[in-house]
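Structure first, then comments.
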Amino acid sequence: MLEPITIHPGQEGQASGQDPHLLHEWLVTNGLGGYASGTVVGAITRRYHGLLIAALPNPLGRVMMLNGLSERLRLPDRRVVHTGAEELAGVPPDKVFPLTSFRLDHGLPVWRYEVDGFVLEKRLLMPYQQNTVHVTYRLLSGSGVLRLNLRPAIQFRPHDELVCPMPSTPYRVSVYEDQFEVSGEEHHPKLRMILHGPSTAFTFDRKETPTIPYRTERDRGYPWQGSLWSPGYFRTDLEQGQQTTLVASTEGWEVILAQSPEASYRSESDRCAILLSLAAPQLQDGAAAQLVLAADQFLITPVGRVQDAVRAKAAGDDIRTIIAGYHWFTDWGRDTMISLEGLTLLTGRINEAGWILRTFAEYIRNGLIPNMFPEGEREGLYHTADATLWYFHALHRYMLTTNDQTTLRLLLPKLRDIIEHHVRGTDFGIGVDPEDGLLRQGARGYQLTWMDAKVDDWVVTPRRGKAVEINALWYNALRLLEKWLREAGDPAAALAISQRADQVRDSFNKRFWYEAGGHLYDVVDAENGGNDTACRPNQVLAISLDHPVLDEARWQPVMDVVTQKLLTPVGLRSLAPGHPEYKARYYGDLRSRDAAYHQGTVWAWLIGPYVDAWLKLNPGKQTQARGFLAGLMANLDKACVGSISEVFDAEPPYLPRGCIAQAWSVAETLRIWVRTGS
């Protein structure tokens, strides 16, 4: 059974002295990369906050189509109150309809407002695989008629474009009976709206709200004052038990009207039930069930890459990928491969896992899979030294679950080609050093490992040379390919790979042990000479992967240091305290944040490799290992309600930062929850 997550806005903020507007956010997605998101109390604080961010074919990408709704209520005594978005309504806070609770019901946000005996409930959903949003209001109790006015606020723009005053291009409104269409610039789709419910009407009353303060944008060092435009407002009269639904969409009217709002809600509830029924038994009830619904938000059908979709369908496949994080990330190769097991295999979405692996195989170039697909672009970027090696890991976990020999036979030539490219040397200085068999990487101006912060021309943690986790992944990939070649009946090729892996293991254990620190070097043969002694979490992969490269005798001392210096309740620090570059907080403008991104900031996803390594040293102690997830599970009712943030500050109180919902944070928490269950 899925238990609702309920919070009461304002209480935490009043106790801590923080602005309660900034404490809780919500997220709803549509399976295409589109989404709706905002603060629980209704204040717009980010450029990404809106009720309909549509995922559109390239080169448009994701576009803000409906920024918000100003909700005005007239009580029977003719008093007027508003719900939380006072910036849109232009009213003081003392005239706001009190929000008494917010909850997730089957993963969907539900608001409850109460005043003078009236109880109004609001729900929001996005029909799956549609750029459509339904906002439903139901009067649960109250004597008399409640008039509800809904004023849409818009500024069509790419969802990650900086906020600004209204553009000079006018908006045009057209009406056919009860169907409304708003048009902007020619390259934008139309926003179509219709209000279902009793006694509905629309009043034309053009209005511009000139100075909306986007508080989070200000705190992050970006332009933070923008304006929105409205053509007028919808209205409806509600009595107890009645409801009304505003539908806004970029789809055609035949799609918008194909299902009633009630039928759409039933469809989404049924889909939620199916998702839970497919998941591992440990994930089908309680707080863990929310992780399954959170995982669903990252699995998408990318609408922009039409040629890829045609090719996949011609081969009997479908195209799927994984959004790395909301709001601003697209699909990243590294994040996808790390997240694949948790988001797909453990949630019972086996076919989609295969589609993802086969989709990425089509993008292999010069022995590399793409690092990322930029917003609105058709081609990927390949500047990554580890995403391709994580691909081997993801395929291995897929094979353990499915034994899909057909996919393995299809991919085996590509896997051999990847290894051959790495041995010869490929792009960005990625290649094997013939002297020791270790994999080196590095190119000026590029950030090739997962510690990839870059501001203008400044690569914050370049880590050029032979990085510890790159070589742990390289060894793991070699051992996996050796096994697959042997099983495919090619013992000679398997032997050659085995000999190469032996060399890597021998060299790794000779080169990476840092005696004085009792842990592993982060990089050997660094670009400025010598070895990097920084204590970072990357070394855990030398133990945690299925084929650990580090000699077992050194597992315990490494884990002792990692536990002492890097472990927190919400993941591992990216750098140990005491290092000259250590940063305790991830806060401020872009340069300040990126300077801290991998210099102490805690990453939630790293709890997965940590627990894997810990259990190798403590077999059978699953119950104790489950305790390492307590802080992350507690994050489900903070920041983005129902999901897990990207990063956290390196020191107490470990405030959530970065993306409000991150794929690998959810995936690794979910995976370890299953692994440590009974």
Side-chain angles (χ1 to χ4, degrees), residues 1-7 26-31 103-110 123 125-129 265-300 320 322-323 338-356 394 397-398 400-403 604-605 607-608 611-612 615 621-638 640-644 661-678:
M1 179 180 178
L2 180 62
E3 298 173 0
I5 297 176
T6 303
I7 62 173
W26 56 271
L27 173 70
V28 176
T29 63
N30 67 357
R103 72 181 191 275
L104 292 185
D105 187 5
H106 295 86
L108 298 175
V110 182
R123 293 176 176 264
L125 70 85
M126 299 186 81
Y128 189 59
Q129 300 270 303
Y265 181 78
R266 289 194 299 271
S267 295
E268 187 60 24
S269 296
D270 291 344
R271 198 178 78 85
C272 169
I274 291 171
L275 290 175
L276 293 176
S277 71
L278 292 173
Q282 302 96 317
L283 300 171
Q284 293 186 3
D285 56 24
Q290 180 56 44
L291 290 173
V292 176
L293 303 186
D296 176 63
Q297 295 180 324
F298 304 103
L299 287 164
I300 70 160
R320 289 290 189 279
I322 290 173
I323 287 285
I338 292 173
S339 301
L340 184 130
E341 182 179 8
L343 298 188
T344 63
L345 301 179
L346 296 178
T347 60
R349 301 174 74 163
I350 307 300
N351 286 340
E352 289 170 273
W355 293 341
I356 290 169
R397 295 299 174 89
Y398 173 76
L400 290 176
T401 302
T402 68
N403 194 31
W605 79 270
I607 203 64
V611 171
D612 288 336
L615 283 171
K621 294 186 177 181
Q622 277 78 6
T623 301
Q624 187 176 343
R626 172 71 65 86
F628 293 122
L629 298 180
L632 292 171
M633 295 301 288
N635 192 243
L636 288 174
D637 65 358
K638 298 178 175 62
C640 182
V641 181
S643 195
I644 301 177
Q662 191 78 0
W664 57 14
S665 299
V666 170
E668 286 296 271
T669 303
L670 187 154
R671 183 179 69 82
I672 295 301
W673 184 272
V674 172
R675 182 167 185 199
T676 56
S678 56

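These figures come from a predicted structure and were not determined experimentally.
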Atom of [X], atom of [Y] and distance for their closest heavy-atom approach:
{"X": "A625", "Y": "L615", "answer": "CB-CD2, 3.8 Å"}
{"X": "Y398", "Y": "A353", "answer": "CD1-CB, 3.9 Å"}
{"X": "L636", "Y": "A287", "answer": "CD1-O, 3.9 Å"}
{"X": "P127", "Y": "N30", "answer": "O-CB, 4.1 Å"}
{"X": "A663", "Y": "S339", "answer": "C-OG, 3.6 Å"}
{"X": "V674", "Y": "A280", "answer": "CG2-CB, 4.2 Å"}

To the closest 0.5 Å, what do you measure between [atom1] ([X]) and [atom2] ([Y])?
{"X": "S665", "Y": "F298", "atom1": "OG", "atom2": "CZ", "value": "7.5 Å"}
{"X": "T669", "Y": "L632", "atom1": "OG1", "atom2": "CG", "value": "4.5 Å"}
{"X": "L346", "Y": "T401", "atom1": "CG", "atom2": "OG1", "value": "7.0 Å"}
{"X": "R671", "Y": "W664", "atom1": "CZ", "atom2": "CH2", "value": "13.5 Å"}
{"X": "I300", "Y": "Q297", "atom1": "CD1", "atom2": "CD", "value": "12.5 Å"}
{"X": "Q282", "Y": "L670", "atom1": "CD", "atom2": "CG", "value": "10.0 Å"}

* Asked: Residues two or more places apart in sequence or in another chain: which of them pass salt bridge (Lys or Arg N to Asp or Glu O under 4.0 Å) with E352?
  ->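 Checked E352 against salt bridge (Lys or Arg N to Asp or Glu O under 4.0 Å); matches are R320, R349.
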
* **Contacts of type salt bridge (Lys or Arg N to Asp or Glu O under 4.0 Å), residue R397, not counting sequence neighbours** =>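 By the salt bridge (Lys or Arg N to Asp or Glu O under 4.0 Å) rule, R397 matches E341, D546.
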
pair [X]-[Y]: side-chain heavy atoms closer than 4.5 Å:
{"X": "V292", "Y": "Q284", "value": "no"}
{"X": "I322", "Y": "L299", "value": "yes"}
{"X": "L340", "Y": "L345", "value": "yes"}
{"X": "I672", "Y": "F628", "value": "no"}
{"X": "Y265", "Y": "L108", "value": "yes"}
{"X": "N635", "Y": "K638", "value": "yes"}
{"X": "I644", "Y": "L291", "value": "yes"}

* Asked: Would you find a donor on one side and an acceptor on the other, under 3.5 Å apart, between the side chain of R626 and the backbone of W673?
  ->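 Pair found, side chain donor or acceptor close to backbone of W673.
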
* Is there a donor-acceptor contact under 3.5 Å from the side chain of E668 to the main chain of A604? ->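 No; zero donor-acceptor contacts below 3.5 Å.
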
